[in-house]
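Structure first, then comments.
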Amino acid sequence: MVTALATAPSAAAQPSTDPAVPTARVKDAPLSDINRNVVPPGGIKAAMTGGNTVFADVREAKPRADGYRHIDTPSLISKLKREGLNTYVYGIWDSPTDWDDLRTEFAPAAGRAGIRIWVYVVPPSECMDNPVPSRSGRCSRPYKLDFVSWAREIAKLSVANPNVVAWAIDDFLVGANSELFTPDYMQKIVDSQDSVNPKLGFYTTAYYGEAVSDSFYARFGPYIDGIVYPYLGYSNNTQDPSAVGPNLDTILKQTQPRGLGVLFLLYTNRFLDAANPPTETYVAKSIENAMPYVRDGRILGINNYGLPLGDKPALAGDNRAAHGIGRFSVALASYAGTRAGEYGQAEQTVLVNPFARRKTISFADFDWYYGNLGGSGYHYKQLLVDGKVVWESDVTDAGGDTYQQRTVDVTDALRDKVSATIALRVIDKYGVGDYPLDIGFDDVRGDGLLVLNGGFEGDWGWKISANGHSILPSIDLYATDRPARIRDAVALSMRGLPYFAPPVPPERQGPGYRTDNFAMFGHGRLSLSAPPKTPIPAGGCASATQVMRVDPSSARYEISFWDYDQYAKTQAIRDFLSKRLLIDGNEVYHHDISDGPEYTWMNGDGGQGPIDISAFVRGKDKVTVSYQLCADRSIPDLAIDVGVDTMTAVGLDVRNPGFESTGDWALTTTNPVLKPAIKIVR
């Protein structure tokens with residue numbers, strides 16, 4: 001912070017008299033004194049919870065007298081110790097009580113337990129502050145976007161609690177954030193901090209493009225002690241651990257000469273732009289690849305972001321197999337570019353029955369992120385026999401996000417053969433810049449040939465390959481206990497021990513497709529939908545309504561729920577359909593269906609989180625709560641399925657909050673096309 005750049009210590013360094021140059025304290029290459037101060041013996045072994053993850057169960061089960069669920073300090077510290085972690089990155093974002101919980105409870109208790117703390121605050125792009133309580137979302141409170149005050153107050157906290165060793169700003173240059181963080185403002189931040197505790201570390205998030213940029217360090221290097229680098233492979237994903245070493249090597253060429261530290265951030269929970277969530281094997285291998293850099297001090301350590309410390313199972317909707325627990329997936333993340341001819345595939349050599357008169361290969365496939373409003377001619381699904389295409393279909397075909405059965409006659413392709421190599425492939429005919437997808441194949445069977453592991457119920461029988469880094473093929477196995485597996489992978493790998501994933505237990509196969517259950521948890525969800533190829537007239541809503549009892553003694557009232565829909569990437573459909581929540585007819589939530597990531601359960605897009613409904617509830621003994629999908633304008637064709645699940649509240653009695661039965665909710669519609677239903681799939 002506030003330091004001149006140097007490649008070696010210099011006792012002769014003097015404060016600059018040039019007002020355009022920050023007041024100088026020397027940064028020793030390859031690592032400054034401040035960076036050495038924040039690192040415990042053996043390197044930083046950290047966790048961070050909350051944010052846009054799912055398993056943020058670090059809060060007390062019941063609200064306190066103020067109506068808020070506070071951080072469960074004893075439980076959180078116990079879990080950190082159990083996983084062998086020595087640092088907690090404390091995010092201040094989810095609740096207005098976060099800062100006071102840190103000051104008065106967590107920091108002192110963590111100090112007694114030998115756990116260091118990094119404080120994490122959010123920039124303008126993540127502060128959803130609004131003077132109207134029901135419209136106000138998550139933000140770092142109480143100082144919000146006053147980072148001069150944050151610097152001063154965190155420094156004061158670090159003096160009172162020496163285990164508070166650093167702080168950082170999330171998503172530092174995302175969107176228009178850089179307009180705030182000018183050189184003058186950065187100087188005020190570090191001056192405010194250093195006037196209280198010049199030994200406190202100050203860091204910013206830097207994604208790979210920033211972390212390797214000369215201009216980033218030229219602009220911000222004088223003010224920061226280092227960066228928090230979120231690892232996303234080569235192409236914005238949480239599947240490929242192979243880029244850990246190459247990416248860190250390139251970053252260190254920038255940071256080491258400047259004496260800046262690097263904290264490696266690993267997504268152990270979902271990353272919103274990735275097509276598939278991380279697995280325990282990915283987490284373990286990524287840590288294994290990063291640990292040599294921790295051991296020899298080249299990086300400060302590892303922050304396991306979104307570590308699932310709670311006791312919930314994996315999301316039900318993460319099982320995208322047609323049947324069972326496995327499928328072949330070909331994924332491409334948001335904002336990941338491809339080139340023409342890039343592909344991912346699964347292949348195997350099959351035995352052919354030379355006496356079979358007719359030979360066929362059947363399989364099921366589905367397309368998520370498919371472009372039913374355009375975008376044809378880019379991604380293609382293919383079946384190949386001995387390298388020749390015998391079937392192909394654009395991902396924009398009529399199948400969509402429901403598995404479709406295919407049967408391909410391969411008699412001619414296998415004529416006079418006793419063996420052959422078959423391959424399922426997704427290929428780009430033209431390169432794309434931002435066209436995410438997740439293609440699934442399952443239930444592969446042969447007639448006149450023998451296919452092994454056609455249900456992809458294990459990681460055997462198929463050779464998985466790709467000719468680039470962007471399109472990612474994998475056998476995707478769903479494990480109900482994935483959060484626990486990831487915790488085990490972190491605990492062992494951070495100790496330098498090998499992790500071997502146990503076999504994934506099979507799942508009883510029921511009728512229909514497994515993806516018919518896209519609940520968040522359990523088997524049920526609320527569905528508000530419109531069918532394809534059907535004009536939707538303007539006006540009217542599909543609704544799920546419940547009359548809820550009010551606790552008159554509650555200090556405040558809030559309601560929280562998770563929802564999803566399909567169309568975040570397709571702004572062409574904006575302003576046609578909207579999601580709404582009403583309390584006694586008063587609208588307290590209004591989002592367009594084009595909000596947020598596609599097919600992703602969100603607790604309110606844009607940092608909405610729990611909604612403060614005190615103004616609409618206080619003084620009543622009951623209220624009518626209604627979740628709606630409404631047609632704001634007519635549209636000729638817009639197939640949609642809005643899901644709602646996992647509703648919770650403070651001060652209200654919510655019955656059947658997970659939609660696990662058909663009771664307690666009244667389902668109505670005032671638009672003939674929009675249909676409400678509680679979908680339960682077992």
Side-chain angles (χ1 to χ4, degrees), residues 317 320 322 364-377 379 381 393-406 435-440 512-513 515-519 524-545 563-582 590-601 605 626-645 659 662 665-681:
R320 301 174 190 171
D365 69 277
F366 84 101
D367 317 311
W368 281 11
Y369 308 109
Y370 76 114
N372 73 332
L373 298 176
S376 300
H379 305 309
K381 302 167 289 187
S393 182
D394 196 297
V395 301
T396 62
D397 61 22
D401 58 357
T402 300
Y403 271 100
Q404 301 294 307
Q405 288 290 334
R406 317 280 186 178
Y435 191 161
L437 78 158
D438 178 15
I439 305 303
Y513 291 123
T515 48
D516 291 343
N517 179 13
F518 196 62
R525 65 177 174 96
L526 173 64
S527 168
L528 304 173
S529 64
K533 299 180 173 57
T534 304
I536 303 174
C541 304
S543 305
T545 302
D563 64 8
Y564 82 91
D565 44 58
Q566 297 104 304
Y567 292 115
K569 289 288 179 186
T570 314
Q571 293 301 308
I573 54 83
R574 188 170 183 83
D575 299 327
F576 288 95
L577 299 177
S578 60
K579 302 172 291 185
R580 304 175 186 176
L581 184 73
L582 280 66
H590 185 130
H591 279 217
D592 196 88
I593 62 165
S594 63
D595 67 349
E598 305 92 331
Y599 297 104
T600 302
W601 286 103
D605 173 64
S626 182
Y627 192 98
Q628 299 182 332
L629 172 66
C630 301
D632 302 319
R633 295 163 55 192
S634 62
I635 187 170
D637 175 20
L638 183 58
I640 183 70
D641 183 357
V642 171
V644 183
D645 205 351
F659 301 94
T662 56
W665 293 92
L667 306 179
T668 59
T669 186
T670 54
N671 185 301
V673 176
L674 303 181
K675 303 296 183 183
I678 294 178
K679 289 190 175 180
I680 301 174
V681 180

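Everything quoted here is computed from the prediction, not taken from an experiment. All heavy atoms count here, side chains included; hydrogens, waters and symmetry mates do not.
In this structure, Pro535 and Asp637 have side chains that are not in contact, with every pair of non-hydrogen atoms separated by 4.5 Å or more. Side-chain contact between Asp367 and Thr396 is absent, with no heavy atoms from C-beta onward closer than 4.5 Å. A 4.5 Å side-chain heavy-atom check between Glu598 and Trp368 finds every atom pair outside the cut-off. Two residues are said to be in side-chain contact when any heavy atoms from C-beta on lie closer than 4.5 Å; Asp575 and Arg633 meet this criterion. Proximity of Gln628 to Leu582: side-chain heavy atoms (C-beta onward) are separated by under 4.5 Å at one or more points. Using a 4.5 Å heavy-atom cutoff, the side chains of Phe576 and Ile593 are not in contact. For the pair Leu577/Leu629, a side-chain contact is recorded, criterion being any heavy-atom separation below 4.5 Å from C-beta on.
Across every non-hydrogen atom of Asp563 and Tyr627, the tightest pair is OD2-OH, 2.7 Å. For the residue pair Ser634 and Ala538, the shortest heavy atom distance occurs at N-CB, 3.4 Å.
Annotation: cation-pi geometry not satisfied between Arg525 and Phe659 (NZ/CZ under 6.0 angstrom from ring centroid, within 45° of ring axis).
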Output, in order, the C-alpha distance, side-chain angles, deciding distance and verdict of side-chain contact (heavy atoms from CB on, under 4.5 Å) for Asp645 and Leu526.
CA-CA 6 Å; Asp645 205 351; Leu526 173 64; over 6 Å; no
Between Leu528 and Lys675, is the side-chain contact (heavy atoms from CB on, under 4.5 Å) condition met? List the steps.
CA-CA 6 Å; Leu528 304 173; Lys675 303 296 183 183; over 6 Å; no
What do the steps show when you test Ile640 against Val642 for side-chain contact (heavy atoms from CB on, under 4.5 Å), and what is the final call?
CA-CA 6 Å; Ile640 183 70; Val642 171; 3.9 Å; yes
Applying side-chain contact (heavy atoms from CB on, under 4.5 Å) to Ile678 and Ile680, what does each step give before you reach the verdict?
CA-CA 6 Å; Ile678 294 178; Ile680 301 174; 4.0 Å; yes
Checking Asn671 against Thr669 for the side chain to side chain donor-acceptor pair (under 3.5 Å) test, could you report, in this order, the C-alpha distance in whole Å, the side-chain angles of both residues, the deciding distance, and whether it holds?
CA-CA 6 Å; Asn671 185 301; Thr669 186; 5.7 Å; no
Tell me, with the steps shown, if Arg406 and Asp397 meet salt bridge (Lys or Arg N to Asp or Glu O under 4.0 Å).
CA-CA 13 Å; Arg406 317 280 186 178; Asp397 61 22; 3.0 Å; yes
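Between Tyr599 and Phe518, the ring-plane angle classifies as perpendicular under the 30° and 60° cut-offs.
Under the 4.0 Å criterion applied to side-chain N and carboxylate O atoms, Arg580 and Asp592 are not assigned as salt-bridge partners. Taking 4.0 Å as the cut-off between side-chain N and carboxylate O, Asp365 and Lys381 count as a salt-bridged pair. Residues Arg574 and Asp595 are not paired through a salt bridge, judged by the lack of any N-O separation under 4.0 Å between the basic side chain and the carboxylate.
Rounded to the nearest 0.5 angstrom, Leu667 CG and Thr662 OG1 are separated by 8.5 Å. Atom-to-atom distance recorded for Cys541:SG and Lys579:NZ is 14.0 Å, nearest 0.5 angstrom.
Not one N or O on the side chain of Ser543 forms a donor-acceptor pair closer than 3.5 Å with the backbone of Thr545. Using a distance-only test at 3.5 Å, with no hydrogens or angles considered, no donor-acceptor pair links the side chain of Tyr567 to the main chain of Ile573. Of the possible donor and acceptor atoms, none in the side chain of His590 sits under 3.5 Å from a partner among the backbone N and O of Leu581. Remark: the backbone N or O of Ser527 is not paired with any side-chain donor or acceptor of Ser529 at under 3.5 angstrom.
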